[in-house]
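Everything numeric here is computed off the predicted structure, so don't read it as measured data. Numbering starts at 1 and runs along the sequence shown.
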Amino acid sequence: HIFYTVTGKFNAHDHNSSEQNCNRSALDLPGTAAQSCGLGMPGNRWKAKGLIHIFCLTIKHASMIQRRPFTAFLLLFRTFHFGYAQKKNPSFEEVISLRSVSNPVISPDGRHVVFEKSATDWSENRFDRELWLSKDGSTPFPLTHNPSADSRNPKWSPDGQWIAFISKRGDKNQIHVIRPGGGEAFPLTDTSDGVSNFEWSPDGKQLAFLQGEDKKKESEAREKKYGAFAEDDGEYSLDWLWVIDFRPEHFTQIPLPEQMEDSLYTSGREPRVLLDSVPFTINDFIWSPDGSKIAIEHQPDPLINSFFKADISIYDVASGTHKPLVANPSYDGLVDWSPDGRSILYQSNLNDSTSNYYKNDRLFRINIDGSGNQELASDFDENINNLSWTPNGIYGTAWQKTVRPIVRIDPKSGKTRILEAGPQQTWSLNFDASGDRMAVGGRNFDGLSEAWMTDIKFKEVKRITASS
């Protein structure tokens, strides 16, 4: 029918009227307008503006071919085939090369957002992850560039003047710091076994981090005596808690020879162990809001099934001692401190070590003296993840069939409420110091993962990335 309509329009005396109709710039042409260009069938609507103009140009030139419908047909067929060929399924390489945005972190004053952006490095056969920064909601720019490894897990200093992150710019993953204004990143740690996680102290004067115990001498002695061998479920090291002072002036000072021989001087530049020689490995830790205590989640060893025995303890910074707070027979997982520092939020399977693989975790709050243990979100039938306890309540994300909305929990009553705002699938939440603004990572069904900055009522929403 298309061919009949087109060939029927190829008359020299129709040239002017056809060209006039074809020059319409509307994106949505009705079928009659398309027919006047020799394109359409009655009632059809055409969406591709560019394709319509290609057809129209064909008609224009074909009309100059005096009544040669077969030649005009070939021109039209070739043009139609060309336009159709531009629409194709993406290749495997194109899909793998899609860039992704994750882990947006908002500055303490709620103005800026740093996030991770991943790209495909085909020449090195790896995915590269770097930090990008958006200031005051403006277009993001790359903050880091490590040609050989990732830069990840950004965390703002409490005063917002520095961003710390983990990167491998040598043999091991180490903590690096960089100014939000850009410039070179400075290595803060140079540990023998690398850093797996870290947190700023609330006053910004220290960073605590996890590092595996050093078994190098032990392994060398064993190999020398017995030769090289491996023991199933016995080749692991425990992660212990360390701390290092943060002194920006050290980044630009070159010590004198006599200073490097002064133990007092060098000790101020080296990390110190806070909690070691304990019969467990530390999974996670969080400073209390006043910096006097550190809540830690730990289990006997890093083997996969040992999570059943994970418990929570409180470490006192001044005395250097720790005591257990939550020790149920099954898994207990640390979530967050209350803003006043009197309670912690935790997830637990209580005494269930058989069906906890497929049942929801249960959420509790407990005072650090062991009193006031209270279950929260018991009215919500789904796991709530990415939880943060802010002055405005407890926020997290949870699946609801195919969508993943933001959920708010009242810390007093334990009641939950789904927020009717945000992306259709929310992956992460991060709040500023006041709890009034947050960075949101997620995606809508018609796009890729993006990062947003918004107030908690979603009245001032700003999308800061454009992956889609």
Side-chain angles (χ1 to χ4, degrees), residues 98 100-117 132 134 136-140 156 333 335-339 343 345-347 358-365 374-468:
L98 290 173
S100 62
V101 172
S102 61
N103 192 26
V105 182
I106 197 167
S107 60
D109 60 6
R111 295 177 53 192
H112 317 305
V113 175
V114 61
F115 59 91
E116 300 172 12
K117 190 171 186 178
W132 288 60
S134 169
D136 294 311
S138 62
T139 302
W156 292 87
V335 176
D336 204 357
W337 282 88
S338 63
S343 309
L345 187 67
Y346 72 97
Q347 292 175 322
Y358 55 86
K359 285 188 175 180
N360 296 334
D361 293 333
R362 297 171 67 177
L363 189 65
F364 297 85
R365 60 172 292 178
Q374 176 189 354
E375 184 170 6
L376 308 176
S378 59
D379 61 340
F380 195 83
D381 185 20
E382 191 55 81
N383 276 330
I384 305 177
N385 301 309
N386 306 304
L387 288 156
S388 294
W389 195 342
T390 77
N392 298 304
I394 301 170
Y395 292 84
T397 64
W399 284 107
Q400 295 288 283
K401 295 184 178 179
T402 60
V403 297
R404 189 180 175 95
I406 300 172
V407 180
R408 183 188 180 277
I409 306 171
D410 187 314
K412 292 183 178 179
S413 67
K415 301 296 183 181
T416 59
R417 178 170 62 91
I418 295 177
L419 303 186
E420 302 296 334
Q424 291 168 316
Q425 292 181 342
T426 305
W427 305 126
S428 65
L429 302 173
N430 183 266
F431 294 83
D432 68 356
S434 68
D436 295 331
R437 297 187 61 78
M438 61 180 171
V440 179
R443 65 179 291 270
N444 293 315
F445 294 141
D446 60 351
L448 302 175
S449 294
E450 306 284 5
W452 289 264
M453 181 169 59
T454 178
D455 62 295
I456 60 173
K457 296 183 179 180
F458 285 86
K459 292 183 177 180
E460 301 174 1
V461 181
K462 173 71 174 180
R463 194 181 76 174
I464 60 176
T465 60
S467 301
S468 302

Fill in: No-hydrogen, no-angle side-chain donor-acceptor test under 3.5 Å, Asp379 and Thr416
yes

Practice prompt. Report yes or no: do Ser138 and Asp136 form a side-chain donor-acceptor pair below 3.5 Å?
Written response: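 There is no such pair between these side chains.
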
So, taking the atom named [atom1] in [X] and the one named [atom2] in [Y], what distance separates them when rounded to the nearest 0.5 Å?
{"X": "Ile394", "Y": "Leu345", "atom1": "CD1", "atom2": "CG", "answer": "4.5 Å"}
{"X": "Asn386", "Y": "Thr426", "atom1": "CG", "atom2": "OG1", "answer": "9.0 Å"}
{"X": "Asn430", "Y": "Arg437", "atom1": "CG", "atom2": "CZ", "answer": "12.5 Å"}
{"X": "Thr402", "Y": "Phe445", "atom1": "OG1", "atom2": "CZ", "answer": "4.0 Å"}
{"X": "Ser449", "Y": "Leu98", "atom1": "OG", "atom2": "CG", "answer": "10.5 Å"}

Please find the pair of heavy atoms, one from [X] and one from [Y], that lie closest to each other, and give the distance.
{"X": "Asn392", "Y": "Ser434", "result": "ND2-O, 4.0 Å"}
{"X": "Ala398", "Y": "Pro405", "result": "O-CD, 3.0 Å"}
{"X": "Trp389", "Y": "Asp336", "result": "N-OD2, 2.9 Å"}

Item to complete: May I ask you to test the Leu429-Val440 pair for a side-chain heavy-atom distance under 4.5 Å?
Response: yes

Worksheet entry | Any Trp452 side-chain heavy atom under 4.5 Å of Met438 side chain |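 Trp452 does not reach Met438 side chain to side chain.
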
